[in-house]
Amino acid sequence: MSPAPRRDGPRDLSPQSESGVPGFQPASVHRGEPFSKTPPARRTGASLLPGPATPDPSARVPLEGFPLHPRVVEILRETGIRELYPPQAEALAPVLAGKSLLLACPTSSGKSLVAYMALVHAALEGRRGVYIVPLRALASEKYQDLEPFRRLGLKIGLTMGERDLSSEELEGIDILVSTSEKVDSLLRHRNPWMDRVGVVVADEVHLLRDPGRGPTLEVSLTRLRRRQRGLQVVALSATVGNSQDLARWLSAVHVASAFRPVPLHPGVFREGVLSFLDGSEKPQPSRGTAVEQLVHGALDEGGQALVFVNSRRSTVSVASALSRGVGARLSEGSRAALQEVLSDLDRVGEEETESVRQLRSLVPHGVAFHNASLTNPERAVVERAFREGKLRCLVATTTLAMGLNLPARRVIVRDTTRYDEALGSPVALPAMEVQQMLGRAGRPRYDPYGEAVLIARDLSEEEELRERYLTAPPENVESRLASVAVLRTHVLALVASGEVRSWEELEDFLRSTYYGQEESIEALGAHLRAARAFLETNGLLRGGEPLRATDFGHLTSDLYLDPVSAVLLRRALSRASPSTPPIAYLATLASTPDLAPLYLRAGEEADMTARYAGLAPALLLKPEEDELLPDFDSFLGTLKTASLLEAWLDDRRTLVEITGTFHIGAGDLRTRVERAEWLLSAMAELARRERRGVARALDLLSLRVRYGIREELSELVLLRGIGRVRSRLLYDAGWRDVATLAKADLPAVSGVLGSPALAEGVLDQARSYHHPSRAVRLPPADRGEA
DNA sequence: GACATGACTATCTAGACAGCATGTC
DNA sequence: CTAGATAGTCATGTC
């Protein structure tokens, strides 16, 4: 959806040419013995404590010492890389020898370069490679970083989200950059390209511990490794407690290091004084809150500041509290630069959003906020402005810590707790997460050092923060495979794609997962039986052996649906008729686990209960009748989601009005809409097999959800460049279908759309438009547009 | 009289990945 | 069962 944000490229990986780089720890290299019986060491990873300050000029290793292709060295030189950091050098040697590697070190210490070299080196030897990343934004970034290597004749591919590569396109690809779910999908579809992969890079592999998405990566890596003995795996991890365990699982050389290209000064702020771990202290400007003092202090020293808070509301309020002081510290030149940011913001979307309104009042002061209520293009504008130094201060939620590396001289983590809904109270953040945020301190090439600051109210809190987050190593990475929901999905996928054909093969597979290394798979027994019972009872798997998926099971796995979602969609379809109203379908989607429900605010419960009473007769699924549905209270939240989507279908309602009514951000609406559109097309696909009469209605609804339009606009919207806003303009100007529009003259259309170039393009399309014989079918060209 | 300040209270709480298969009016 | 920030409301204080 969003254009890939511009990045600095691999140059960031180059050692700083100016100042000496003090304070790195020599990399500890450990040849991980495959399948060794020695018990794994627990939580031995480095903390944020800087290593002994031993500036060693010989630490940087010239590229010439490595068996790299001369033209690779040449390309690296052109991007500014002549030498390697110590951990890069430690890691590169085994990688170029074809060995697997687990590299655990801090953000921005140059892990990616090692991965790029592994992929390029292998590709030049004729071995295909995949670069697996957890986020779309990272996929775009890596893809762009690999761009220069095309000159070696290598074909680089990118696949994520709706962005598919045809099998012909894929065939010529040497290096594929992909999100982990997309890799999983390629494996499920038994894509033949995957058969000849010789090297796999797993970025941010510590995300294996994420309960939602970790298992997908774990299963994919297991599948790839089982498929090919001797597959080279290059796993990149943040600093974690037990990276040796991961290395052992992957039979990989283990390289761990606390090295950072820019030294990090961790510290705690209390009562006006910033005390660093090394014992030094820095008084801060005395006015305002702790965050204000710290931000103003950083700015006065010429750095940028990044503040992490634990709620979206706080990102806005803290940014606004900071705006006066930060604005007062701006130079004339930077004021002018901020005007450019303002105009970037105006170009970010056809429809105004609440976030843009708020940003407009903050940006002139050199401050902005960043959270998931922003749309992707909005985030990209903010990120770029901060990276270019135009914004002096950014207040963000974890969006920023998870995604692109956006470093700043001083990082301030204001909140170290997060509200846990299940618990009903705040819980302390894991050290890994806090260190991930703190680790963003220090911009390579711009900052001589980085300052990572926590805030304490009193002495005891200060000690607690130091102990928990600064001096202790981060948590261990543990597998999250042991869950019925996870096994339901992956057992189905493994069976449907033919990876396992018997109970025994499944157990064998599970034994070769990371879970299987760390735990006895006997412990999975109860989960497995429950998962299997669900899949068999609901007609996704046939009973008995050999294990086989039904047609429905195959379709579910291929569509990448959660099995529970698939069952719910099918149940709903069996009760649907041509007169089923859209809200009934929308409520069905919203009650599947594939669409996250909205939070129900105080007072909305009554509204939704009333809405439920009115809608109940029309609903396809009712919570009191369906054991797979959430309980009644949660169902009201899903009804709110359905109501949101219904509001979106009325293009006469503005974005600001809709998001205001439902108390959400435009970014939240976007993600719901994307998911809903996809679920609807999956439902239409099911309908084509089981309920033909409603398939067409679902296709239409899917199109309407995609664009957020009333039915009357569903034809105009098929023209490229025409969406929710413009189709309404055209329609209200009297061009209600493509045929009528084709007869319009350019100046008139241009006047309505406000752009001659756009009008011309649209008229060209309209004049060559062929009416589809079917009601609604998206032209292939219109799909897959990012 | 306009507005600043403070006390008290009700309300709310991070993030983001994934698409089959062409056989019909 | 456990918290804490924020926004809104209302009262009081200040020029």
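All chains are named by letter (A, B, ...) in the order of the sequence lines, taking the proteins before the strands, and each is independently numbered beginning at 1.
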Between A:Arg571 and A:Thr588, does any side-chain donor sit less than 3.5 Å from a side-chain acceptor? no
To the nearest angstrom, the CZ-C1' distance between A:Arg488 and B:dA18 comes to 17 Å
Measure from the side-chain heavy atoms of A:Met402 and tell me the nearest of B:dA18, B:dA16, C:dT6. B:dA16
Distance in angstrom units between A:Leu374 CG and B:dA16 P, rounded: 10 Å
With P as the reference atom in both, quote the distance from B:dA14 to C:dA7 in angstrom, rounded to an integer. 14 Å
Is there a donor-acceptor contact under 3.5 Å linking the side chains of A:Thr289 and A:Glu292? yes
Is A:Ser425 close enough to C:dA3 that one of its side-chain N or O atoms is under 4.0 Å from OP1 or OP2 there? no
Between A:Arg188 (CZ) and B:dA18 (C1'), how many Å, whole number? 8 Å
If pairing requires Watson-Crick or G-U wobble contacts with both distances under 3.5 Å, which nucleotide is the partner of B:dA7? C:dT9
For A:Gly212, report the nucleic acid contact type (base, sugar-phosphate, nothing); a contact means any heavy atom under 4.0 Å. nothing
Taking A:Asp420 for the side chain and A:Val427 for the main chain, is one N or O donor matched with an acceptor at less than 3.5 Å? no
What is the separation between atom CD on A:Glu690 and atom P on B:dC20, rounded to the nearest whole Å? 18 Å
Closest listed nucleotide, where the reference is the side chain of A:Asn371 and the choices are B:dA14, B:dA18, B:dG15: B:dG15
Considering just the side-chain nitrogens and oxygens of A:Arg379, establish if one lies under 4.0 Å of OP1 or OP2 belonging to B:dA16. yes
Polar contact flag, side-chain donor to acceptor under 3.5 angstrom, A:Arg379-A:His370: no
Any side-chain hydrogen bond (donor to acceptor under 3.5 Å, both in side chains) involving residues 552-569 of chain A? Give me the pairs, sequence neighbours left out, ordered by first then second residue. A:Asp184-A:Tyr560, A:Ser565-A:Asp594
Without decimals, in angstroms, what is the distance between A:Glu461 CD and C:dG4 P? 9 Å
Identify whether any heavy atom of A:Val291 sits under 4.0 Å from a base atom; if not, whether one sits that close to sugar-phosphate; answer base, sugar-phosphate or nothing. nothing
Base, sugar-phosphate, or nothing for A:His554, non-hydrogen atoms under 4.0 angstrom? nothing
With rounding to the closest Å, how many angstrom separate the C1' atoms on C:dA3 and B:dA18? 36 Å
Yes or no on side chain to side chain contact (heavy atoms under 4.5 Å, CB included) for A:His490 and A:Thr216, after CA distance, side-chain angles and deciding distance? CA-CA 8 Å; A:His490 289 290; A:Thr216 303; 3.8 Å; yes
Under 4.0 Å, counting only non-hydrogen atoms across every strand here, what does A:Arg190 touch: a base, just sugar-phosphate, or nothing? nothing
Closest to side chain of A:Arg136, choosing from B:dC17, B:dA16, B:dG19: B:dC17
For the CD atom of A:Glu162 and the CH2 atom of A:Trp678, what is their distance to the nearest 0.5 Å? 11.0 Å
Would you indicate, yes or no, if C:dA5 has its OP1 or OP2 atom less than 4.0 angstrom from a side-chain nitrogen or oxygen of A:Ser317? no
Return the 5'-most residue of the pair A:Arg457, A:Leu423 with respect to DNA chain C, ranking by each residue's nearest nucleotide. A:Leu423
Upstream residue (5' side of DNA chain B) when A:Leu559 and A:Glu433 are each assigned their closest nucleotide: A:Glu433
Out of B:dG19, C:dT6, B:dA18, which has the shortest distance to the side chain of A:Glu677? B:dG19
What's the CG-C1' distance between A:Leu698 and B:dG19, to the nearest Å? 15 Å
Side chain of A:Arg689 (C-beta onward), nearest among C:dT6, B:dA21, B:dG19: B:dA21
Nearest whole angstrom, please: distance from the C1' of C:dA7 to the CD of A:Gln358. 13 Å
Partner lookup for B:dC17, please. Criteria are Watson-Crick or G-U wobble with both distances under 3.5 angstrom; report none if nothing qualifies. none
Counting only side-chain heavy atoms from C-beta out, which of C:dA7, B:dG15, B:dA14 sits nearest to A:Arg418? B:dA14
Check every atom of C:dA5, B:dA18, B:dA14 against the side chain of A:Thr398 and return the nucleotide holding the closest atom. B:dA14
Whole angstrom is fine here: how far is it from CG in A:Asp558 over to P in B:dT22? 11 Å
Do you see a donor-acceptor pair shorter than 3.5 Å between the side chains of A:Asn310 and A:Tyr419? no
Report, one pair per line, the protein and nucleotides 3-13 of chain B atoms (nitrogen or oxygen only) whose separation is under 3.5 Å.
| unit_1 | atom_1 | unit_2 | atom_2 | d |
| --- | --- | --- | --- | --- |
| B:dC12 | OP1 | A:Arg601 | NE | 3.1 |
| B:dC12 | OP1 | A:Arg601 | NH2 | 3.0 |
| B:dC12 | OP2 | A:Ala602 | N | 2.9 |

What nucleotide, of B:dG15, C:dA5, B:dG19, holds the atom closest to the side chain of A:Arg414? C:dA5
Is A:Thr397 close enough to B:dG15 that one of its side-chain N or O atoms is under 4.0 Å from OP1 or OP2 there? yes
Of the non-hydrogen atoms in A:Thr641 and A:Arg672, which two are nearest, and what is the gap between them? CG2-CG, 4.1 Å
Taking the minimum atom-to-atom distance to the side chain of A:Arg213, which one of B:dA21, B:dG19, B:dA16 wins? B:dA16
Nucleotide forming a Watson-Crick or wobble pair with C:dC1, both distances under 3.5 Å: none
Looking only at side chains, do A:Arg209 and A:Ser479 share a donor and an acceptor under 3.5 Å apart? no
